[in-house]
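So the structure is just underneath, and the comments pick up after that.
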Amino acid sequence: MKKNKVKKAAIVLLALAVVVMGLAIIVDRASAELTAKANHDHITIDFFYHGSTVNVSGISDPDADLIIKIASPEAHETLKEKGKVGGFLWMNVATLKLEKVPNLYSVYSTKKIDEILSPQEMDKYVIGYPALGKHAEMSPVKDEADKARWFSEFIKFKENSKLYNISFGKIDLKGKDGKQEYTILTEWPYQAPPGDYLATVYAVKDGKVVEIAESKVSVEQVGIVKTLSNMAKNNGALYGFISIISALGAGFGVGLVFRKGGGAH
Amino acid sequence: MYLYLPVALTSINILIPVGLGLAVGLLSGLFGVGGGFLMTPLLIMFGIPSTVAAATDSNQIVAASTSGTYAHWRVGNVDFKMGLYLLIGGFAGGLVGVQAIKILKATGNADFVIKMTYVLLLGTVGTYMFIESLTSMKKSKAATAEVKPEKESAFAKALGKLPLQTRFEKSGVTHSLLLPIIFGGFVGVLGAIMGVGGGFLMVPIMVYILRMPMHVVVGTSLFQILFNCIEVTFLQAYTNHSVDFVLAVLLLLGSTVGAQVGAVFGRKLKGEQLKVILAGIVLAVTVKIIFDLTLSPSLLLGQGGGH
């Protein structure tokens, strides 16, 4: 009987210990658990849309640096290369095809990316222009130097349309109960077309990504914008017909107004 | 105020297209050109994709040229007969041009050939028209007679020997039916290759080869442009889905009014004055294109399309 009691007590103690240890682990995990939320995850494009803002925020380990990447799914792009003809005339001389490049690519970080993340990790998670350059497939390019040259032109082209951007130091951090709250308000460019985008938050320690959290941002056309856009794509004949009739009507209408208004002799 | 353009997929301050429409519509009503050579590059400059810019411009021209044709027709300045034959030629020429561009593209240096032809044509036409109209302005100052009897050139004599001669009442000229068909076709081929309406070529052809009075040239050219642009708008909307209805409406708000003002203003100017101003604009555009071709671009990559 005594033996049994001792045994029972030992089991209870062991169970307790497991629970306490488990709790400790859970509490510890909670303090480091990375969360991400985009407050404006559904952007609607109506008639008066002129871009938007997206706020990405969450909780992170206070010891970790953060990198936030907002990107569209990888796709392909076809662009015209300008070059000199006859030594002094600039014109389109070739077509450049790019594969595995996102249409929108924004990276924000607490510090300069190459100061907090190792090159291997950058390549692994496609963070930063050099990593994106390695990841992208381009044709036709003669060699690595040629690829690098045209990729940097590609970046210039994308930054010019406000679709690519890399910056650091804009993430707000606030310490609270041993946790860290982070938040960033980003400008959402009106040049970004409708589609699904992904905001990925990387927690970084000792040059390595230790945690990842994601949040979706979807951009959708609504109302008249959606109706017109769909009609242009799916019913070109009717759309063309309406466009022409409207133009004819407007031309005649203004002509009549001017006659009545005595604008002419 | 900004509006979102559903096909161009970008947002634009409405004052930009309305203002551009007003300015280009004014030129359209004054000179009988569609103004695509100005409008398309300007729209691209304001962030509209090049294919959408060209297609939407043709939709807008439908409105501006309707407005302009109507204004000119009311004062009897549209030669419908001449316009019809030009259109027949232009339609056939367009079909040939579309095939020609395929052959050109296959040779690999299409861009170079097209750009050079465009610059040379603009430059030559502009210079010729500029010098000719300046000389005739001086002449008309010296002589009081309005119509000066001119010696028929060998070229004009040869044209007079072509079959199917007919009288074009409105223009006050007699030509072979083949003449407007051939020259309409020529402009149609070039227009299709260069991606422009060709008004800047059609106007000088009507003035110098068909010998039509400048005011009838403007009205007839607009009539002809109207039908060309209806065809182009439909094809662009149907095959390329590149017409932006919202942008077209914003542009035509300006251009239809501009065309009326241009037509009224044009009646106050003499034919020579109209010609010399048009020549000046054509030359300015030529210089601008030469600058674009020779100055180093800030971006070495761009979207395709345009000319």
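This one's a predicted model, so the numbers in the text were calculated from it and none came from an experiment. Lettering follows sequence order; numbering is per chain, from 1.
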Contact check, side chains of B:Leu293 and A:Phe88, non-hydrogen atoms, under 4.5 Å:
no
Give the C-alpha distance, both sets of side-chain angles, the deciding distance and a yes or no for side chain to side chain contact (heavy atoms under 4.5 Å, CB included) between A:Tyr49 and B:Leu3.
CA-CA 7 Å; A:Tyr49 176 74; B:Leu3 274 192; over 6 Å; no
What do the steps show when you test A:Leu89 against B:Met116 for side chain to side chain contact (heavy atoms under 4.5 Å, CB included), and what is the final call?
CA-CA 10 Å; A:Leu89 294 172; B:Met116 286 296 105; 3.6 Å; yes
What residues of residues 8-26 of chain B sit under 4.5 Å from chain A when you count only heavy atoms?
B:Leu9, B:Thr10, B:Ser11
Heavy-atom contact with chain A under 4.5 Å, split by part of B:Thr69
neither
Where does A:Val225 contact chain B at under 4.5 Å (heavy atoms): side chain, backbone, both or neither?
both
Surrounding CZ of B:Phe80 (heavy atoms of other residues, nucleotides or ligands, distance under 6.0 Å), is the total greater than 12?
yes
What is the distance from atom OG1 of A:Thr78 to atom CG of B:Leu301, rounded to the nearest 0.5 Å?
11.5 Å
What residues, two or more places apart in sequence or in another chain, satisfy side-chain contact (heavy atoms from CB on, under 4.5 Å) together with A:Asp146?
A:Val141, A:Lys142, A:Asp143, A:Arg149, A:Trp150
Check: B:Val7 and A:Leu228 side chains under 4.5 Å, non-hydrogen atoms
no
Part of A:Lys233 within contact of chain B (heavy atom distance under 4.5 Å):
backbone
Decide if atom NZ of A:Lys147 counts as having more than 12 heavy atoms of other residues, nucleotides or ligands within a radius under 6.0 Å.
yes
Let me see the working for B:Ile230 and A:Leu248 under side chain to side chain contact (heavy atoms under 4.5 Å, CB included), right down to the final yes or no.
CA-CA 9 Å; B:Ile230 287 178; A:Leu248 285 171; 4.2 Å; yes
Set of residues satisfying side chain to side chain donor-acceptor pair (under 3.5 Å) with respect to B:Glu231, sequence neighbours excluded
none
What residue, out of B:Asp292, B:Val249, B:Val243, has the most heavy-atom pairs lying under 4.5 Å from chain A?
B:Val243
Specify which of A:Gln191, A:Lys82, A:Gln221 makes the most heavy-atom pairs with chain B at under 4.5 Å.
A:Lys82
Which atoms of A:Asn234 are under 4.5 Å from chain B, going by heavy atoms: the side chain, the backbone, both sets, or neither?
neither
Derivation and outcome, ring-ring contact (aromatic ring centres under 6.0 Å, His included), residues B:Tyr4 and A:Tyr190
CA-CA 9 Å; B:Tyr4 190 77; A:Tyr190 61 80; 7.8 Å; no
Which value, rounded to the nearest 0.5 Å, describes the distance between B:Phe245 atom CZ and A:Thr227 atom OG1?
12.0 Å
If every non-hydrogen atom of B:Leu252 is compared with every non-hydrogen atom of A:Ala247, which pair is closest and at what distance?
CD2-CA, 4.1 Å
Per-residue tally against chain B (heavy atom, under 4.5 Å) across A:Ser243, A:Gly249, A:Gly240, A:Ser246 peaks at A:Ser243
Between B:Asp244, B:Val62, B:Asn59, who has the most heavy-atom pairs with chain A when the cutoff is under 4.5 Å?
B:Asn59
Report, as yes or no, whether the 6.0 Å neighbourhood of atom NE2 on A:His76 holds more than 12 heavy atoms from other residues, nucleotides or ligands.
no
Per-residue contact mode, B:Val257 against chain A (heavy atom under 4.5 angstrom)
both
Out of curiosity, B:His241 NE2 to A:Tyr239 OH, how far, rounded to the nearest 0.5 Å?
11.0 Å
Any salt bridge (charged side-chain N to carboxylate O under 4.0 Å, His left out) pairs touching residues 87-101 of chain A, not counting sequence neighbours?
A:Lys100-A:Glu137
Highest number of heavy-atom pairs under 4.5 Å with chain B among A:Glu81, A:Lys84, A:Met231 belongs to A:Glu81
Chain B contact via A:Ile244 - which portion, at a heavy-atom distance below 4.5 Å
both
Does the side chain of B:Leu300 come within less than 4.5 Å of A:Trp90's, by heavy atoms?
yes
Which answer fits B:Leu235, side chain, backbone, both or neither, if we ask what part of it has an atom under 4.5 Å from a heavy atom of chain A?
neither
What do you reckon, are the aromatic ring centroids of A:Phe252 and B:Tyr70 less than 6.0 Å apart?
yes
Atom group of A:Pro189 that falls short of 4.5 Å from chain B, counting heavy atoms:
neither
